[in-house]
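Heads up, the thing below is written out as C-alpha cells.
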2 protein chains.
Amino acid sequence: MTRKREKQEPKGFTDRELDIMSVLWREGSGTVTEVREALGEDVGYTTVLKMLQILEEKGAVGHEQEGRAYRYFPLVESVRAGGRALTRIVNKIFHGSAERLLATLVEDREFSAEEIARMRSILDRVERRGDDG
Amino acid sequence: MTRKREKQEPKGFTDRELDIMSVLWREGSGTVTEVREALGEDVGYTTVLKMLQILEEKGAVGHEQEGRAYRYFPLVESVRAGGRALTRIVNKIFHGSAERLLATLVEDREFSAEEIARMRSILDRVERRGDDG
DNA sequence: GAATGTCAACGACAATCTTCGTAAAAGATG
DNA sequence: CATCTTTTACGAAGATTGTCGTTGACATTC
C-alpha cells in the first residue's frame, strides 16, 4: 500500500539539518555565508545553500532578499521542534516515563544550585497548574 | 578531505530503527517474527529482518541461534542511547540549557502528584551529589 | 521422499541526505 | 565593455534507509 506522504506534519531533522536550524534559532536568521561561518566552515558553501533550500522546501525555513543575498530565518519554533523530539524520545526510549528521562538528563551533568532551584520552580508551577482549575 | 567515517561512536537511530530498538528494549529480545508482531505487522518480514541486519552491522544489536531462528537482542543500552539523544537536543535545540528542556518536557503533559514528587527527589539527589565532594 | 512452511541471505529498488561541481545571474571595478 | 566577485540554481554522485521479491536452507508432515 505504501502510505502516501502528501503534506503530513513535520518529521524530525537529520543531523546536518539540525546543525543548520540550530544556527538559525540561535542567531535569529542568517545568510548562507553567515550560517556557513557559524558552522565553522567545514562544509562547502553550496552544501549549506542546498540544505537551506531543502529545509525551505520542507517549510522549516523561509527567506527574504537582502541586497544580493538571501537571508534565511526559521519558520518552525525551536520549542516546538524540541517538544516533538522529546515526545519521540520519551515514548520510544523511556517507555513514556518523563521521570526516567529527567534522571538520564541530570546524570553526568553538573548543575549550579541556581539551576536546580529553577528546575524545582518549573515543577512547582506544573504542580500548581494541575491542582484544580 | 571528506572526513573518513571508519568506526566512530554511534550516531542516533532513524525512525524505523528506533521503532525496532524500542521493541527490543521493552521486550528484552525478539525474533524477526516477534519484533514484526510487536510493530503491528504493518511492515514486511524481510523489512524487519533487513533492519535488524543493518542494526547488527552498526553494532546496536546482536543475535544468537534459537532453534532455527535468530533471537536478536540490544547491545546498546536504552539509557545510553537516550543520553546521547538528549545531549544532542539540549545542545542543538535548547542552547545547552537543561532547564529549558525540562520546561518544554512538562509543558502539555499531565503529571500526578507522585510523579512530580519523584522528579523532585531526582533533583534533590543531584543537588546533594554536587554539594561538596 | 515430495510437499509445505519457516526462516535467513542476497540483491534490487526508490527515496532521502549530504556533498559538491559547474553554470548562470548580477553587481562592482578597471 | 571585460572581468572579478558574490551569490543562487541545477543537477549529479555517493551513502544510507526502508521496502521487498526471490532464492535457498532446513525441518515437519504426509
Side-chain angles (χ1 to χ4, degrees), chain A residues 1-8 10-23 29-73 88 92, chain B residues 1-24 29-73 88 92:
Chain A
M1 280 315 93
T2 55
R3 226 90 191 69
K4 261 258 225 64
R5 179 161 298 253
E6 313 214 337
K7 245 316 135 51
Q8 189 186 235
K11 277 200 3 179
F13 295 112
T14 63
D15 273 1
R16 198 46 114 183
E17 286 174 350
L18 192 56
D19 284 345
I20 289 175
M21 290 306 293
S22 183
V23 170
S29 71
T31 62
V32 175
T33 301
E34 286 168 2
V35 171
R36 177 160 176 259
E37 279 165 4
L39 290 176
E41 311 219 357
D42 46 4
V43 261
Y45 182 99
T46 42
T47 302
V48 175
L49 171 62
K50 182 63 157 187
M51 295 306 298
L52 283 166
Q53 286 169 341
I54 289 173
L55 285 167
E56 182 157 44
E57 200 171 304
K58 294 206 229 171
V61 309
H63 79 261
E64 62 194 8
Q65 194 87 35
E66 183 185 79
R68 296 204 287 123
Y70 289 172
R71 173 159 297 275
Y72 290 87
F73 48 85
R88 178 177 123 115
K92 296 291 174 65
Chain B
M1 282 306 102
T2 54
R3 227 88 190 69
K4 260 258 225 64
R5 180 163 295 253
E6 313 214 337
K7 245 318 136 45
Q8 191 183 235
E9 84 289 350
K11 276 200 0 177
F13 296 112
T14 63
D15 273 0
R16 196 48 116 182
E17 287 174 350
L18 192 56
D19 284 344
I20 289 174
M21 292 305 294
S22 182
V23 171
L24 295 183
S29 71
T31 62
V32 175
T33 302
E34 287 168 1
V35 171
R36 177 160 175 260
E37 278 165 5
L39 291 176
E41 310 220 355
D42 48 2
V43 261
Y45 180 98
T46 42
T47 302
V48 175
L49 171 61
K50 182 62 155 191
M51 294 307 296
L52 283 166
Q53 287 169 340
I54 289 173
L55 285 166
E56 182 158 44
E57 201 170 302
K58 292 206 236 171
V61 308
H63 79 261
E64 62 195 8
Q65 194 88 35
E66 182 185 77
R68 296 204 286 123
Y70 288 173
R71 172 160 298 276
Y72 289 86
F73 47 86
R88 175 178 124 115
K92 297 289 173 66

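As the structure is a prediction and not an experimental result, all values here were calculated from the model. A note on names: the letters A, B, ... follow the listed sequences, proteins ahead of strands, and every chain is numbered from 1.
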All N/O pairs under 3.5 Å across the protein-nucleotides 7-9 of chain D interface:
{"residue": "D/dT7", "atom": "OP2", "partner": "A/Thr33", "partner atom": "OG1", "Å": "3.3"}
{"residue": "D/dT8", "atom": "OP1", "partner": "A/Tyr70", "partner atom": "N", "Å": "2.8"}
{"residue": "D/dT8", "atom": "OP2", "partner": "A/Tyr45", "partner atom": "OH", "Å": "2.4"}
{"residue": "D/dA9", "atom": "OP2", "partner": "A/Gln53", "partner atom": "NE2", "Å": "3.0"}

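Comparing the end axes of the helix from C/dG1-D/dC30 to C/dG30-D/dC1, each fitted to five base pairs by superposing C1' atoms of four pairs onto the next four, gives an inter-axis angle of 20° (nearest 10 degrees).
In this structure, A/Asp15 atom CG and C/dT18 atom C1' are separated by 11 Å, rounded to whole Å. Taking atom CD of A/Glu17 as the reference point, atom P of C/dT16 lies 12 Å away to the nearest angstrom. The separation between B/Leu52 atom CG and D/dG18 atom P is 12 Å, rounded to whole Å.
Within the 4.5 Å cutoff, the side chain of B/Val61 has heavy atoms near those of the B/Met21 side chain. You'll find the side chain of A/Glu64 stays beyond 4.5 Å of the side chain of A/Tyr70, heavy atoms only.
Few gaps surround CD on A/Gln65; more than 12 heavy atoms of other groups in view lie less than 6.0 Å from it.
An OP1 or OP2 oxygen of D/dT16 is reached within less than 4.0 angstrom by no side-chain nitrogen or oxygen of B/Lys50.
Of all heavy-atom pairs between B/Leu52 and B/Ile20, the closest is CD2-CG2, 3.7 Å.
The residue A/Thr47 sits close to a base: some heavy atom pair falls under 4.0 Å.
In this structure, the nucleotide among D/dT17, D/dT19, C/dT18 sitting nearest to the side chain of B/Val43 is D/dT19.
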